[in-house]
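Just below is one structure, and these are the notes that go with it.
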Amino acid sequence: MTAVATPPRVIASRPELLTDRSTHYCPGCGHGIIHRLLAEVLEELELAPRTIAVAPVGCAVFAYDYLQLDWVEAPHGRAPAVATGIRRVRPDSFVLTYQGDGDLAAIGTAEIIHAAGRGELITAIFVNNGIYGMTGGQMAPTTLLGQHTTSTPTGREAGAAGFPIPMTEMLAILPGVTYAARGSVSDPPHIGKTKAMIKRACKAQLDGAGFAIVEILSNCPVGWGMTAVESMEHLSEVEKVYPLGVLVDRSAPARQPAAAEGA
Amino acid sequence: MTATVERAPTEGATGSKRSRILMKGNEAIAEAAIQAGCDAYFGYPITPQAELLEWMARRMPELGRVFVQAESELGAINMGLGAAATGARVLVSSSSPGMSLMAEAMSYMAGSQTPIVLVNVMRGGPGLGSIGPSQSDYFQAVKGHGHGDYKVPVLAPASIGEAVELVATAFELAERYRTPVILLADGILGQAMEPIEPQFRHPPRQEFDWALTGADGRPPRVLRSLHLLPERLEEHNNVLQAKFREIARNEVRWAGEQLEDADLAVVAYGTAARIAHSAMRKARQEGIRVGLFRPITLWPFPEPQLRELASRPTAMLVVELSAGQMVEDVRLAVEGRCPVAFHGRTGGMLPTPDEVLAELRRLDATVRAGGAT
Ligand SMILES: Cc1ncc(C[n+]2csc(CCOP(=O)(O)OP(=O)(O)O)c2C)c(N)n1
Ligand code: SF4
Ligand SMILES: [Mg+2]
C-alpha cells in the first residue's frame with residue numbers, strides 16, 4: 001500500500017490570541033476554557049487590535065499572561081468603573097471586563113450595577129464558580145446554600161450567611177443593559193452555547209446598544225473539594241439555582257431616550 | 001452655590017490679555033485643568049468642592065470632552081484609572097472623606113505608574129467632620145492614602161492664582177514621572193473668590209510607550225501593580241524608589257519672604273500661610289523680625305532648605321489648620337537645630353493673625369530669654 005500524503009485535517013487548534021504556554025490554573029479549572037472561548041470570539045470578530053481588557057482580582061488576574069491583548073489591572077471589584085473610564089475616552093476601543101463572582105457580586109457590586117445602569121458600552125464576562133478561588137475557597141455571595149467552603153465549614157446557612165445572589169437577573173432589569181445571559185462550561189454543548197452568548201455580548205457593544213454581560217457557571221475543583229470530573233458534573237446542581245439562558249436581549253439601543261421598554 | 005463669574009475664559013483669550021477676572025477657587029481650578037488639556041473628569045459631589053464638579057459638568061461636554069458623575073469616589077477614581085491608562089489627561093476631585101475612598105486606587109496607580117491629577121479641597125475631620133476649611137489631610141496626602149511603599153507629589157497653593165498655575169504643573173509632573181499628583185487645597189481656597197490673571201498654561205502632549213490603545217501592530221501592553229514573585233516586586237519597588245529620589249532632587253518648590261534678617265520663621269502652607277503672612281507684617285511693625293517659609297511642594301518637602309534656614313540662630317513657628325501634622329516634618333528637617341513651636345486650629349476653625357502674633361511674641365520672648373519652647 002502506498003502512503004497517501006494528505007495532511008492531517010485540523011479540527012481544533014490554539015487560537016493565536018492565546019499564548020503558547022501552560023496556565024497557572026489548577027487542572028480542570030473552567031477559567032482556561034473561558035479564556036479560549038473569549039480568544040475565539042475576539043478573533044472571529046477581529047476585535048483584538050482595538051481591545052482594552054480589564055483584569056480582575058481573583059484567579060483570573062493573570063489573564064493578561066494568556067490573552068495577548070492590552071490589559072489594565074483593576075483594584076478588586078472596580079473593573080466596571082475602570083472600563084467606563086477607558087470606553088469614555090476611547091470610543092473606538094472595544095472594552096471588556098473579566099471578573100469572578102467575588103469580584104463582581106461582592107466587593108464590586110456598586111461598580112457593576114452603576115456601569116450597567118449607565119448603559120456603558122462595555123462587555124462583562126462574569127465567571128461564577130460559587131467561591132473565592134484565589135484566596136483558598138471561602139464563601140462567595142453566589143455560594144449555594146449548604147455548600148461547604150473554608151468560611152462556611154458546616155455549609156452555607158441562610159440565617160447566618162444569607163442567600164445566593166442572582167446577580168445577572170438583578171442586572172437584567174436595568175434599562176441600560178442590552179444583553180444579559182447565563183451559560184455554563186459543564187459540557188461541550190453548553191460550552192458551545194456559552195460561546196454564542198459571548199459573541200452576542202460583544203456584538204452588543206459594537207452596535208452601541210448598551211451594557212452586556214455573560215455570566216458563566218464555572219467550576220473550582222480545588223475550592224469545591226472535588227476532582228475535575230466531579231466538579232463538571234456538579235455544575236448541573238448549580239444550574240438548578242442559576243438557570244441557564246438569555247435573560248434579556250433588547251434590540252433597541254439602550255441609550256435612546258425613553259427606551260425603558262417597560263423594564 | 002451660584003457662580004458669579006460672568007463666563008469662562010475662552011481658549012483663544014488665554015493669557016493674551018492682562019485683564020483680571022474674578023473666579024471662585026474651585027471653578028478656577030476646574031478651568032485651569034480644562035485649559036491644561038484635561039480630557040476627562042470624574043467626580044462625586046462633596047462640599048466644599050462641589051463647584052469644581054459642577055463647572056466640569058457644564059464645560060467638559062461643551063468641549064466634547066468626558067464628564068461622568070460617578071456612583072462614589074471609588075467609582076470616580078477607578079474611572080480615572082481606566083481613562084488615564086489609555087494616556088488621557090485625567091482630573092478627579094473630592095474633599096477629605098472622598099479622598100479616603102480614593103486611597104485604594106491611588107496605591108494601584110502609584111504601583112502601575114499611571115499619571116493622574118487629584119484635587120483635595122480639604123475639610124475638617126476626622127469622620128464626617130465639618131465642611132469648614134482644614135489642613136488635616138496633610139498626613140494622608142504626604143504619608144498615606146493607599147498601602148505600600150510610595151509617595152506622590154503634593155502641591156499646595158496659597159492663592160487661587162497659584163492654584164491655577166499649579167494645576168498645569170500637576171499635569172506636567174504626573175506625565176513626566178508617571179505618577180498620581182495631588183493638588184492639596186482647602187475649603188477657603190475652594191470657596192473664596194479672588195481676581196486672577198487668566199494665565200492658563202497648556203502643557204504639551206507626549207506619546208506614551210505604555211498607554212493602552214489596543215495591541216494593533218505592536219506587542220500587547222499591560223498596566224499592572226501585581227508582581228507575585230518577591231524578587232520581581234523588590235525590583236519594581238527599586239525602580240519606584242529611584243523615581244521618588246529623582247522627584248525629591250528635582251521638584252522641591254517653596255517660597256520665602258523676609259527670611260534674610262529674620263530671627264523667627266513662620267512655616268506654613270496654603271491658607272495658613274496667608275494668615276501667617278498677615279501676622280508677620282504685624283510682628284515686623286512691633287520690631288520682631290519674622291520671616292515666612294512657605295512649602296509649595298509638601299512632598300517632596302523642602303527639607304534641605306529648611307535645614308539650612310535652621311542653622312542660623314532662629315526659632316520656628318509652624319502654623320496649620322490642623323492639630324499639628326506638617327510640624328512633624330519641620331522638626332525632622334531641622335533635626336533639633338532650632339526650637340520649633342506650633343499653633344493650629346481644627347474642625348474648620350481658622351487661626352487669626354492676632355493669635356499667630358501672640359505666639360510669635362511668646363516665641364520671641366522665650367528665645368531672647370535663652371529658653372526652650
Ligand atoms: C481589597 C481586597 N480585598 C481582598 C482581596 C483578596 N482577594 C483576592 S481574590 C479574592 C476573591 C476572588 O474571588 P472571585 O472573584 O470569585 O475569583 P476566583 O478566584 O474565584 O476566580 C479576594 C477576596 C484583595 N486582593 N483585595
Ligand atoms: S482555585 Fe479554583 S478558580 Fe482558581 S485556578 Fe484553581 S480551580 Fe480555578
Ligand atoms: Mg469565584
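Keep in mind that the numbers below use all heavy atoms, side chains included, and drop hydrogens, waters and symmetry copies. In what follows, chains carry the letters A, B, and so on, assigned in the order in which the sequence lines appear, proteins first and then strands, with residues in each chain numbered from 1.
Annotation: residues 93-103 of chain A contacts chain B through no residue [non-hydrogen atoms, separation under 4.5 Å]. Residues of residues 29-48 of chain A lying under 4.5 angstrom from chain B, judged on non-hydrogen atoms, are A:A48 by number. Within residues 123-136 of chain A, no residue approaches chain B closer than 4.5 Å by heavy atoms. At a heavy-atom separation below 4.5 angstrom, chain B is approached by A:V57, A:V61, A:F62, A:Y64, A:D65 within residues 55-66 of chain A.
Heavy atoms from other residues, nucleotides or ligands lying under 6.0 Å from CZ of B:R232 number 12 at most. No more than 12 heavy atoms of other residues, nucleotides or ligands lie within 6.0 Å of CD in B:E234, so this atom counts as exposed by the packing criterion. Dense packing is recorded around NZ of B:K243, with more than 12 heavy atoms of other residues, nucleotides or ligands lying under 6.0 Å away.
Once rounded to the nearest 0.5 Å, the distance linking CZ of B:F42 with CZ of A:R88 reads 8.0 Å. For the atom pair A:R90 CZ and B:D39 CG, the distance stands at 10.5 Å (nearest 0.5 Å). The CE atom of B:M79 lies 3.5 Å from the CZ atom of A:R118; values are rounded to the nearest 0.5 Å. The distance from the CZ atom of A:R78 to the CG atom of B:L74 is 4.5 Å, given to the nearest 0.5 Å. The structure places CD of B:E104 at 9.5 Å from NE2 of A:H76, a figure rounded to the nearest 0.5 Å. Atom CG of B:L223 sits about 8.5 Å away from atom CG of A:D70, to the nearest 0.5 Å.
Of the atoms belonging to B:T114, not a single heavy atom falls under 4.5 Å from chain A. Neither the backbone nor the side chain of B:S107 comes within contact range of chain A; no heavy atom of the residue lies under 4.5 Å from a heavy atom of that chain. For a residue to count as touching a neighbouring chain, one of its non-hydrogen atoms must lie under 4.5 Å from one of that chain's; by this rule A:L69 touches chain B with the backbone only. Only the side chain of B:V66 comes within contact range of chain A, with heavy atoms under 4.5 Å apart. Proximity to chain A is absent for every atom of B:I77, based on heavy atoms less than 4.5 angstrom apart. With a threshold of 4.5 angstrom between heavy atoms, B:Y41 does not approach chain A through any atom at all.
Ranked by heavy-atom pairs under 4.5 Å with chain B, the list A:A110, A:P49, A:A83 is led by A:P49. When A:G85, A:P75, A:G117 are compared by the number of non-hydrogen pairs under 4.5 Å with chain B, A:P75 comes out ahead. Between chain A and the residues B:G111, B:A85, B:S225, the largest count of heavy-atom pairs under 4.5 Å involves B:S225. Of the residues considered (B:V90, B:L228, B:T213), B:T213 shows the highest number of contacts with chain A, using heavy-atom pairs under 4.5 Å.
Residues A:I86 and B:G82 come closest through the heavy atom pair CG1-O, 3.3 Å.
No donor-acceptor pair closer than 3.5 Å links the side chain of B:D216 to the backbone N or O of A:R50. Judged purely by atom type and a 3.5 angstrom limit, A:E73 uses its side chain to pair as donor or acceptor with the backbone of B:L226.
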Test B:T86 against A:I52 for side-chain contact (heavy atoms from CB on, under 4.5 Å), laying out the working first.
CA-CA 9 Å; B:T86 72; A:I52 302 175; 4.2 Å; yes
